[in-house]
Structures are given as C-alpha cells and as structure tokens.
Student: 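Starting off with a structure, shown below.
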Amino acid sequence: HLARRFEFYACKHNPTPLTLGGYLKFGQNPCQQKSFKFLRFELAVRLANMLKEIEELPKDLMNTSSADLVHRWYEESFRELMEFENASSSDQSVLSEFSEALEKIRSRHSTVVETMAQGVMELANSSPDGVLEDATRKDIQYFLNRFYISRISIRMLINQHILLFGNQLNQERRYIGSIDPHCDVLEVVQGAYEDAKGLCDLHYCITPKLDIKCFNPYEQGEPIQMVYVPSHLHHIMFELFKNSMRATIETRSNVTDSDLLPHIEVKIFKGKEDITIKISDQGGGFSRDQLDLMFNYTYTTASKPSADHHTPFAGYGYGLPLSRLYAVYLNGNLDLAPVEGHGTDAYVYLKTLSQAASELLPVFNKTTAKYYNSPIPVADWSNPSHTTGLTTFLSRT
Ligand code: W6P
C-alpha cells in the first residue's frame, strides 16, 4: 500500500513552486485547514520526488552508512505524512497532531547536511587513493545541489506552517512566519558582518572594517527593503563575510592592527527587477581555475576534517555552495569574480519583486535518472573544463 502511495506522489506529481508573494498572501490571511491540506500533499510530493532521486543514485554513492541513514530518514518522514492522508481536516486534534508531526520531521532532518558531508568523506576514503573519479564528483555535485535545494524548500514549507499555526506565539513583530515583508537589507547585512566579526576576532584577534553604501535610484531617499527571509540572507552574507575576512587577514600575516587592513566594501543596489549586493575584498583573489572548486562539495570536504577545538572559522567548506543555493532557491544567484593577486568581488542577486521570487525546485523524471552514470560526454572542446561549470547545476542544459 505504502509503495503504491509512493509511486503516486513520486511519479504522478511534480513539486509545485510557490512564490514569496504567494507565501506572503497566504500568511496574511492564514487558514490552518487549507495549509494542512496543501502541505500533506505538497510535502509528500517533494519528499517522494527526492526519495526517488536518492534511489536512482549510483550504488557506490548510496553505499555509505551516512547516505543510507539519510535515505531512511526520508522514508520514515514520508511514512509519517501518509498517516494524515485520510484524516479529517476539520478535526482540531488532527491539525495539532499534524503540527507535531512536522516538528518531529524537521528535527529528524536537522543534521542532513553534516551527515551527507560525512558520506562524501566516507566515499572518498573508501577509494584506493582517497581521490574521487571525475564522473563521481560530477554526480555528487549534481545530486547535492538538487538535494539541498529540495531540503531548503521542504523546511520553508514546514517552518511557515509551524510559525503561523504552532502554539509558540512567536508573532515576531511584522514577520509572516519566517518572511519579513519589509526586510531591511542594510540591517541584515550589518548584522551578518557583526556576527562574522565576532568569530573573526576570536580566531585572528583582528577584523577588516566594513564600508557599506546603499543605492536606491528608483526610490530616492528610501531605505532598501524587500520581501525576503532574513535568516536566508543572513546565512549568505555571514558566509561571504567570513571568506572575505579570512582572505584579507591570511594574505597579510604580519598585520596585527585592524586599522591597517583594507576594508571590506559592500554596495547594495535596488533595481526594478534585481537587488544586487556586491561584496569586495582585497584578500588577494584566486585564479579562475579555482572558481569551480569554491562550489565543489568534494573538494574541501575530502581534504581534511579540521581537528580544531573551537568553533571552526571555516566549516566543511559547504558554506559557499549552500549560500548559492539559498540565493538560487528564490530565483536569485551568487557569483564570484576573483582578480588574482588583488581581491574578490562577490555578487548576490535577489529578486526585487516577491512575485518574481519563485521557488526553483528539482523535478525528478527520466532525464534525471539518465544523468547519473551517464558516460562522460565526448569532449566537444579541446579543454573539457569548459563544460563543467554551472551547466550541470540543476539541469543538464
Ligand atoms: C576570497 C575567496 C572568497 C570566496 C567567497 C567570497 C569572498 C572571497 N574572497 O579570497
């Protein structure tokens, strides 16, 4: 029976992308019954689609105990959701049990990223020389991007439901669930800088200063506000600041005074379609050959799990790829533009209009299945690295 329901949700339905505007509209006039009915269907679709994709992974990728554990978490959560398939939405106790089930699912999956990172390391260590083949790295890159973006989307749905209808009266000011309809970009950026500075001072005893400027040409004199999830923007900016701070400091091992470090410059622009945040450091940059490695899950992870006893200043090296996924999830992006020998510009692009901020969700289908284990395509350029960039990001094209 469960297998038939799984086929139904995984094969007969694709995830339905919502927009931030849609989330907001619903949250401003919330109805718990409607949310319950939508979520028991949509969460089942998103979990089942991802389960299907996990099950299509090449065997060697799934053979680690960590990946297997995550697989079982997804199965368990899908099974728990199915308990509500025929429950009555007009029964208040059903609605309460549903919220409890969602909280349970959310905490079950809270360590997915660390656990999958462990799996990737297990995989690398199980190969003779501890080095993964190119085809395997490509599969991991493709899968983890899709998997983590799906996870972000599932947690967004769960968080909205719990924050809107949960019993903790967490009516955080003007927030609609986790969404701030008047998210002040400057305020979030400054908060992320202060948090990164706290860590940086702890590790290096110095921190580059911040210069920040806002440009709002279409709303002269107005602060830059947008509909957004402040925690996502904070996550992205915190990560970028840590990278810029580290580069600025580590390229100047003799400097012991923050005032003598070049400042990190941030410019925030609000256009009609895009909000752009540009973060510039003078941390020496890096070569263009290293650009893809910055977003590679198998690179930093495989190198060394730091034996540091403090909060690591740089974690697994998943910070940048995950930050890009947070931006991409709502139709934005994150780009790096290094100038080797000088510094790095990072660009964060977000959608100005909440109706344009629509979820980008992986869709599982036959093409996805074929992607894995497909032979490395015959080179159509003399330098094959030409084809390994973002072309394999969420789809093949
Ligand atoms: C660097 C490396 C990097 C990654 C991301 C953001 C900024 C920077 N600066 O040198």
Side-chain angles (χ1 to χ4, degrees), residues 113 117 141 144-145 148 185 188-201 203-204 206-213 232-255 258 260-269 274-304 306 311-329 332-350 388-390 393:
V113 175
Q141 205 62 22
L144 287 182
N145 278 330
Y148 290 143
V185 178
V188 177
V189 171
Q190 281 171 330
Y193 170 82
E194 289 303 324
D195 289 352
K197 178 181 189 302
L199 260 193
C200 191
D201 283 340
H203 279 257
Y204 298 107
I206 46 170
T207 300
K209 296 263 159 37
L210 175 65
D211 287 340
I212 186 160
K213 289 199 186 84
H232 290 187
L233 181 57
H234 181 281
H235 183 284
I236 295 168
M237 294 306 302
F238 178 63
E239 191 56 38
L240 290 175
F241 278 129
K242 281 194 298 176
N243 277 280
S244 286
M245 289 170 181
R246 181 169 56 153
T248 303
I249 293 166
E250 291 193 349
T251 48
R252 294 174 180 76
S253 52
N254 52 334
V255 175
S258 295
L260 300 178
L261 292 169
H263 297 185
I264 294 171
E265 270 183 41
V266 172
K267 289 178 177 171
I268 307 170
F269 304 87
D274 299 317
I275 287 185
T276 305
I277 307 171
K278 179 182 180 186
I279 305 97
S280 306
D281 69 53
Q282 293 178 41
F286 51 90
S287 70
R288 292 167 63 245
D289 270 2
Q290 283 184 287
L291 200 49
D292 284 349
L293 290 184
M294 295 281 170
F295 296 98
N296 194 307
Y297 298 105
T298 58
Y299 173 62
T300 18
T301 330
S303 55
K304 61 167 191 305
S306 135
T311 322
F313 189 65
Y316 312 86
Y318 279 28
L320 279 178
L322 283 180
S323 293
R324 174 184 273 180
L325 295 184
Y326 275 106
V328 165
Y329 163 58
N333 205 359
L334 190 165
D335 282 336
L336 295 181
V339 178
E340 193 185 13
H342 171 68
T344 304
D345 291 339
Y347 295 89
V348 178
Y349 298 102
L350 308 171
T388 58
L390 270 181
F393 189 39

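Whatever order the structure lists them in is the order used to number ligands and atoms, beginning at 1. FYI, side chains are in, hydrogens and waters are out, and symmetry mates aren't considered; it's all heavy atoms of this structure.
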Student: Using a strict 4.0 Å cut-off to heavy atoms of Ser244, name the atoms of ligand 1 that fall inside it.
Tutor: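 Reading through ligand 1 atom by atom, the close ones are 7 (C).
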Student: Give yes or no for whether the N/O distance cutoff of 3.5 Å, strictly under, is met between Asp281 and ligand 1.
Tutor: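 Yes - when backbone and side-chain N and O of Asp281 are compared with those of ligand 1, one distance drops under 3.5 Å.
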Student: Side-chain contact test, heavy atoms from C-beta onward, threshold under 4.5 Å: evaluate it for Asp281 versus Glu265 and give yes or no.
Tutor: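 Asp281 vs Glu265: side chains apart.
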Student: Which heavy atom of Cys200 sits nearest a heavy atom of Ile249, and at what distance?
Tutor: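 For Cys200 and Ile249, the tightest heavy-atom pair comes out as SG-CD1, 3.4 Å.
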Student: Is ligand 1 under 4.0 Å from a heavy atom in the side chain of Ile279, in the backbone, in both, or in neither?
Tutor: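 Contact part for Ile279 vs ligand 1: neither.
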Student: Using 30° and 60° as the class limits, which term best fits the ring planes of Phe241 and Tyr193: parallel, tilted or perpendicular?
Tutor: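 Correct class here is perpendicular.
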Student: Identify the closest protein heavy atom to atom 10 (O) of ligand 1: which residue and atom is it, and at what distance?
Tutor: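 Of every protein heavy atom, Ala247 CB, 3.1 Å lies nearest to atom 10 (O) of ligand 1.
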Student: I would like to know whether Asp195 and His234 meet side-chain hydrogen bond (donor to acceptor under 3.5 Å, both in side chains); could you show each step before the answer?
Tutor: CA-CA 9 Å; Asp195 289 352; His234 181 281; 2.8 Å; yes
Student: Going by the order shown, which atoms of ligand 1 are within less than 4.0 Å of some heavy atom of Leu320?
Tutor: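 So the atoms of ligand 1 that pass are 4 (C), 5 (C).
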Student: Would you mind listing which atoms of ligand 1 come within a distance below 4.0 Å of any non-hydrogen atom of Phe286?
Tutor: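 Counting atoms of ligand 1 from 1, those under 4.0 Å from Phe286 are 2 (C).
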Student: Which of the atoms of ligand 1 are close to Asn243, meaning less than 4.0 Å from one of its heavy atoms?
Tutor: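 It comes down to these atoms of ligand 1: 3 (C), 4 (C), 5 (C), 6 (C), 7 (C), 8 (C).
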Student: For atom 1 (C) of ligand 1, what's the nearest protein heavy atom and its distance?
Tutor: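 I find the closest protein heavy atom is Thr344 OG1, 3.5 Å.
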Student: For Leu336, take its heavy atoms, then give the atoms of ligand 1 lying under 4.0 Å from any of them.
Tutor: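 Atoms satisfying the 4.0 Å criterion: 4 (C), 5 (C), 6 (C).
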Student: Between Phe269 and Tyr349 (judged by ring centroids, cut-off 6.0 Å), do the two rings come close enough to count as a pair?
Tutor: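 Phe269 vs Tyr349: aromatic centres not under 6.0 Å.
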Student: Please determine whether a side-chain nitrogen of the Lys or Arg among Lys242 and Glu239 lies less than 4.0 Å from a carboxylate oxygen of the Asp or Glu.
Tutor: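 Salt bridge: yes.
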